[in-house]
Amino acid sequence: MKKRLIAEVLRGGQKDELVTIRGWARTKRELKEFAFLEANDGSSMANLQVVLHTDLPDYASVLKQLNTGASVEVSGVLVDSPAKGQRIELKASAVKVYGEADPESYPLQKKRHSFEFLRTIGHLRSRTNTLGAVFRVRNACAQAIHKFFYERGFIWVHTPIITASDCEGAGEMFAVTSLDLKNLPRTESQEIDYSQDFFGKKAFLTVSGQLEAEVMAMAFSNVYTFGPTFRAENSNTSRHLAEFWMVEPEMAFCDLKGDMDLAEAFLKYVFGFVLETCPEDIEFFNKRIDNTVLATADNIINNQFERVTYTEAIALLEKAKKKFEYPVEWGLDLQSEHERYLAEELFKKPAIVTDYPVGIKAFYMRLNDDAKTVAAMDVVAPKIGEIIGGSQREERLDILERRIQEAGLNLEDYWWYLDLRRYGTVEHAGFGLGFERLVQFMTGMANIRDVIPFPRTPLSIDF
Ligand code: ATP
Ligand code: MN
């Protein structure tokens with residue numbers, strides 16, 4: 001008998017076909033003549049209904065072992081299902097229980113559990129409907145991202161996780177050391193002597209792969225990174241993790257307009273791919289988690305994004321009849337409430353805000369001719385706020401050196417980054433997208449801890 005995934009059986013299984021499925025028992029229902037088992041192997045939201053007749057060998061003992069959470073293999077024949085909402089079911093001819101799950105202690109009994117509770121059983125929560133759907137959608141997003149870039153000739157480059165440079169100059173980095181913390185080597189002035197550390201200098205977990213992606217773009221033209229990044233920020237919010245995944249494309253011979261075009265095409269593609277490949281899961285989110293999920297996706301896919309400058313956006317916000325919590329003033333950063341007002345209430349679709357004041361953006365963003373703004377762009381979306389942040393990079397050596405110094409950073413630390421401007425420099429641009437934020441928007445999940453299998457947040461690293 002052919003071993004099949006439950007998703008394949010539900011989609012394409014034919015009456016009279018002999019199949020074997022493996023998975024975990026979700027529920028069991030005993031009637032007089034037979035029993036029903038709902039089996040799930042993670043390949044789809046829907047379970048496969050298995051019918052066990054009393055004439056099955058070892059019927060009584062098998063049924064006793066088949067509790068919620070038990071792992072099981074069933075062989076049998078597919079038959080038309082008389083039950084509502086399912087096309088076929090599996091009539092068992094042989095059932096093997098691999099591992100039982102004691103109903104007294106198995107925590108996932110058939111009832112609704114809060115996401116907070118599920119986080120305390122991080123090793124089991126993926127067996128629930130919601131987390132199952134989240135991680136299938138997360139996978140579809142990741143596949144879509146690679147497919148999008150592959151189809152456009154981008155090279156996927158792997159930037160390092162351990163690094164000596166702080167991309168943003170913003171701090172909040174985890175230190176990486178092999179020094180004996182109980183016996184730290186000291187210099188004469190009693191500082192910690194990092195020259196004796198593993199790399200001979202201070203090292204950190206990366207906060208962004210951008211600078212290294214720029215290196216690779218200067219050889220391969222169009223590249224992207226997609227990997228874990230780390231921030232030791234002590235912000236306990238529903239949108240921050242200490243370890244999260246980031247997507248960062250970088251393009252040579254590209255200006256801010258090309259960057260915006262890519263960001264817009266990228267979001268439309270990823271949302272489209274997920275709607276196409278995970279319709280049941282998205283349907284579930286729309287029904288059970290957030291009833292704007294489908295409308296948000298539709299909005300992103302079908303509308304041309306609005307494009308405004310930061311200066312225009314400030315003027316629009318000043319004219320708004322709305323009371324904001326944070327001040328609106330040229331020179332101050334836009335807060336999430338401002339971004340959402342623009343996208344949600346004013347434009348009613350995603351918008352790209354460009355040309356931010358130089359004072360609130362990173363040193364590597366290209367200085368505009370007005371010397372007051374930089375060629376930055378943020379994509380803001382209804383319900384979501386900022387989803388992508390990007391910029392054209394400063395490709396002029398003298399200006400970049402000045403900006404690094406103004407940011408209080410050491411020129412020597414950036415010698416190789418500056419070399420890119422000495423040898424074959426060219427206009428280039430890119431953006432960063434927080435992968436978990438994308439999955440949140442796609443699914444409507446309120447807390448970022450519930451869209452990554454093993455969330456890392458302050459004081460939490462159990463699984
Ligand atoms: P925020 O203002 O939300 O803290 P940021 O300005 O620090 O974001 P960037 O440094 O521009 O963010 O990082 C690029 C993207 O990475 C952001 O647009 C966001 O989607 C995502 N991101 C940033 N910090 C986190 C975090 N701690 N956890 C998850 N995603 C994050
Ligand atoms: Mn931040």
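All values derive from a computational prediction rather than experimental measurement.
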Near-ring test Tyr414/Phe363, centroid separation under 6.0 angstrom: yes

Using the ring centroid of each side chain, check whether Phe463 and Phe454 are separated by less than 6.0 Å.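 For Phe463 and Phe454, the ring centres are not under 6.0 Å apart.
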
Name of the residue among Phe148, Tyr224, Phe305, Phe154 meeting ring pair (Phe, Tyr, Trp, His ring centres under 6.0 Å) with Phe266: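 Going through the options one by one, the only one that passes is Phe148.
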
Among Phe149, Phe244, Phe435, Tyr150, which residue meets the ring pair (Phe, Tyr, Trp, His ring centres under 6.0 Å) test with Phe226?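 Running ring pair (Phe, Tyr, Trp, His ring centres under 6.0 Å) over Phe149, Phe244, Phe435, Tyr150 with Phe226 returns exactly one hit, Phe435.
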
Met377 vs Val379, side chain to side chain contact (heavy atoms under 4.5 Å, CB included): CA-CA, chis, key distance, verdict: CA-CA 7 Å; Met377 64 109 186; Val379 181; 4.2 Å; yes

Is a side-chain donor or acceptor of [X] paired with a backbone partner of [Y] at a separation under 3.5 angstrom?
X	Y	value
Asn302	Asp298	yes
Asp197	Phe199	no
Thr425	Glu395	yes
Arg421	Glu394	yes
Arg138	Val451	yes
Thr237	His240	yes
Arg87	Leu10	yes
Glu38	Arg26	no
Arg437	Glu386	no
Lys349	Gln304	yes

Would you check if there is a donor-acceptor pair between the side chains of [Y] and [X] at a distance under 3.5 Å?
X	Y	result
Tyr269	Glu151	yes
Arg22	Thr20	no
Ser43	Glu8	no
Tyr326	Glu337	no
Glu214	Gln210	yes
Thr309	Asp355	no

Can you check ring-ring contact (aromatic ring centres under 6.0 Å, His included) on Phe324 and Tyr341, steps first, answer last? CA-CA 9 Å; Phe324 294 113; Tyr341 170 79; 5.6 Å; yes

Side-chain ion pair, Arg393 and Glu248, N-O less than 4.0 Å: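 No, this pair does not count.
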
Charged N-O contact under 4.0 Å between Arg402 and Glu406: yes

Set out, in order, the CA-CA distance, both residues' side-chain angles and the distance that settles side chain to side chain contact (heavy atoms under 4.5 Å, CB included) for Val134 and Met445, then state yes or no. CA-CA 8 Å; Val134 167; Met445 294 296 286; 3.8 Å; yes

Which is it for Asp41 and Arg4 under the salt bridge (charged side-chain N to carboxylate O under 4.0 Å, His left out) test, yes or no, and what are the steps along the way? CA-CA 10 Å; Asp41 63 1; Arg4 303 276 295 274; over 6 Å; no

Report the distance from atom [atom1] of [X] to atom [atom2] of [Y], rounding to the nearest 0.5 Å.
X	Y	atom1	atom2	answer
Tyr310	Ile314	OH	CD1	3.5 Å
Met216	His158	CE	NE2	10.0 Å
Leu433	Leu267	CG	CG	7.0 Å

His113: what forms a side chain to side chain contact (heavy atoms under 4.5 Å, CB included) with it, not counting sequence neighbours? Leu108, Lys111, Phe117, Leu118

Residues in side-chain hydrogen bond (donor to acceptor under 3.5 Å, both in side chains) contact with Ser238, at least two apart in sequence or another chain: none

Checking side chain to side chain contact (heavy atoms under 4.5 Å, CB included) for the pair Ile6/Asn47: CA distance, chi angles, key distance, verdict? CA-CA 7 Å; Ile6 287 174; Asn47 304 319; over 6 Å; no

Determine the minimum heavy-atom distance between Glu401 and Leu418, stating which atoms define it. CG-CD2, 3.8 Å

Hey, mind stepping through Met45 and Arg136 against side chain to side chain contact (heavy atoms under 4.5 Å, CB included) and telling me if it holds? CA-CA 9 Å; Met45 163 77 62; Arg136 277 187 301 274; 3.7 Å; yes

Enumerate the salt bridge (Lys or Arg N to Asp or Glu O under 4.0 Å) contacts for residues 122-132, please, sequence neighbours excluded, ordered by first and then second residue. Arg125-Asp450

